[in-house]
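First comes the structure, then the notes that go with it.
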Amino acid sequence: MGKSLELLGLATFNIIIAIILSATFLKKSEEAISTLTTPHIEKFVNDITEISGGIRKDMDSFEVTSYLMAHIANDSRFSSTIDYNMPDISESGERILELDKLHFISNTLQGMKAFTRHEAAVKIDYIQIADNGKSARVTTTSHERGVIPIEDNFGETQFFPVTGTSYCEQKLVLSEESIIQMAEAVCSTNIDFINSDF
């Protein structure tokens, strides 16, 4: 059961990655940027929502990993307080996740595999870009839903439809290579398990 709840936490990080890496999606044909702008941040929020949720069929796990390695600072920290309500299961409650860069990427990839029929929508509530354009504070709200596997007390896997809402505050920085990176994020996530499929 503990491993299943861990996967639940991983699935919620699909929300988190969609809202904390607020930057521009740099394709190979695009040049590095010299300053953070509101359009860069807004575009990336939408792109990363699709990438982390497995919606972008043109990117495999290797490409997703390469992208995250480039756009997450080496010393970055992720923190999320997750409140979840599971019907008829005693382990409902609150869980706190603390992740560094490599654990974040690993957990995101696992969550992408576990979370099916994923849908997500992200709204940017607030953007504050530093005067020098090298860092920014971003606040976002994200909604998502999908189906995740949960192992019951008998070792059997059941599939539960879930909905989630996350509120995040994050810091973005522009690296020396002029690549936007996520430096830190603090999120609060509420997850509800629903009895009927969608």
Side-chain angles (χ1 to χ4, degrees), residues 9-28 30-56 59 61-82 96-112 115 118 120-144 164-189:
L10 303 180
T12 66
F13 267 95
N14 283 328
I15 300 174
I16 296 168
I17 197 170
I19 48 192
I20 62 180
L21 297 179
S22 307
T24 187
F25 179 53
L26 298 177
K27 297 181 181 176
K28 292 181 179 179
E30 295 178 312
E31 296 181 5
I33 62 173
S34 59
T35 185
L36 288 171
T37 65
T38 297
H40 289 146
I41 292 170
E42 291 174 340
K43 183 181 186 309
F44 186 81
V45 167
N46 292 319
D47 286 339
I48 201 65
T49 299
E50 297 180 352
I51 293 168
S52 63
I55 299 171
R56 286 285 300 269
M59 295 182 72
S61 294
F62 177 80
E63 291 171 309
V64 171
T65 301
S66 298
Y67 178 78
L68 296 180
M69 288 295 294
H71 291 281
I72 299 176
N74 288 334
D75 59 351
S76 62
R77 306 301 292 182
F78 299 81
S79 176
S80 181
T81 301
I82 303 166
I96 297 175
L97 293 180
E98 302 275 351
L99 299 174
D100 61 15
K101 176 177 181 174
L102 294 181
H103 285 100
F104 177 84
I105 294 172
S106 174
N107 289 350
T108 298
L109 293 173
Q110 291 180 51
M112 286 172 59
F115 206 15
H118 179 241
V122 180
K123 176 179 174 289
I124 299 175
D125 301 310
Y126 179 74
I127 298 173
Q128 182 179 23
I129 300 173
D131 291 340
N132 63 6
K134 302 300 182 184
S135 66
R137 290 282 178 182
V138 181
T139 303
T140 55
T141 302
S142 178
H143 303 280
E144 73 174 333
T165 301
S166 284
Y167 306 94
C168 287
E169 295 182 7
Q170 51 275 324
K171 179 182 179 182
L172 310 176
V173 296
L174 202 56
S175 72
E176 293 180 359
E177 295 79 18
S178 298
I179 295 175
I180 301 173
Q181 295 183 324
M182 196 287 299
E184 64 182 47
V186 178
C187 300
S188 175
T189 302

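For the single chain, residues carry numbers from 1 onward in sequence order.
- By the side chain to side chain contact (heavy atoms under 4.5 Å, CB included) test, S188 pairs with no residue at all, sequence neighbours left out.
- Evaluation of the salt bridge (Lys or Arg N to Asp or Glu O under 4.0 Å) rule for R137 yields E184 as partners, not counting sequence neighbours.
- When all heavy atoms are compared, the tightest approach of S34 to K134 is O-NZ, 2.9 Å.
- Residues meeting the side chain to side chain contact (heavy atoms under 4.5 Å, CB included) test with T35, sequence neighbours left out: T37.
- Take D100 and apply the salt bridge (Lys or Arg N to Asp or Glu O under 4.0 Å) test, not counting sequence neighbours, and it matches no residue.
- Closest heavy-atom contact between S61 and L109: O-CD2, 4.2 Å.
- Counting only distance, with no hydrogens or angles, the side chain of Q181 and the backbone of A70 share a donor-acceptor pair below 3.5 Å.
- Nearest approach of M59 to E63, heavy atoms of both residues: CA-OE1, 3.0 Å.
- Judged by distance alone, with hydrogens and angles left aside, the side-chain atoms of S80 form no donor-acceptor pair with the main-chain N or O of I82 at under 3.5 Å.
- Here H40 contributes atom NE2 and I127 contributes atom CD1; the two are 12.0 Å apart, rounded to the nearest 0.5 Å.
- What you find for S76 and A73 is that their closest heavy atoms are OG-O, 2.9 Å.
- We find the OG1-CD1 distance between T65 and I105 to be 6.5 Å, quoted to the nearest 0.5 Å.
- For S79 and E98, the side-chain atoms include at least one donor-acceptor pair closer than 3.5 Å.
- With sequence neighbours excluded, the residues forming a side chain to side chain contact (heavy atoms under 4.5 Å, CB included) with N74 are K101, listed by chain and number.
- In plain terms, the two heavy atoms of L174 and L36 that are nearest each other are CD2-N, 4.5 Å.
- Scored by the side-chain hydrogen bond (donor to acceptor under 3.5 Å, both in side chains) test, E176 finds no partners at all (sequence neighbours excluded).
- For the side-chain contact (heavy atoms from CB on, under 4.5 Å) criterion with C168, the lone passing option out of T139, T140, V138 is T140.
- Closest heavy-atom contact between V122 and S142: CG2-OG, 3.7 Å.
- For H71 (side chain) and M182 (main-chain N/O), no donor-acceptor pair under 3.5 Å exists by modelled atom type.
- Under the 3.5 Å distance criterion, with hydrogens and angles disregarded, a donor-acceptor pair is assigned to the side chains of T141 and D125.
- For the atom pair NE2 of H103 and CG of L97, the computed distance is 11.5 Å after rounding to the nearest 0.5 Å.
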Query raised in the report: Checking side chain to side chain contact (heavy atoms under 4.5 Å, CB included) for the pair N107/F78: CA distance, chi angles, key distance, verdict?
Result: CA-CA 12 Å; N107 289 350; F78 299 81; over 6 Å; no
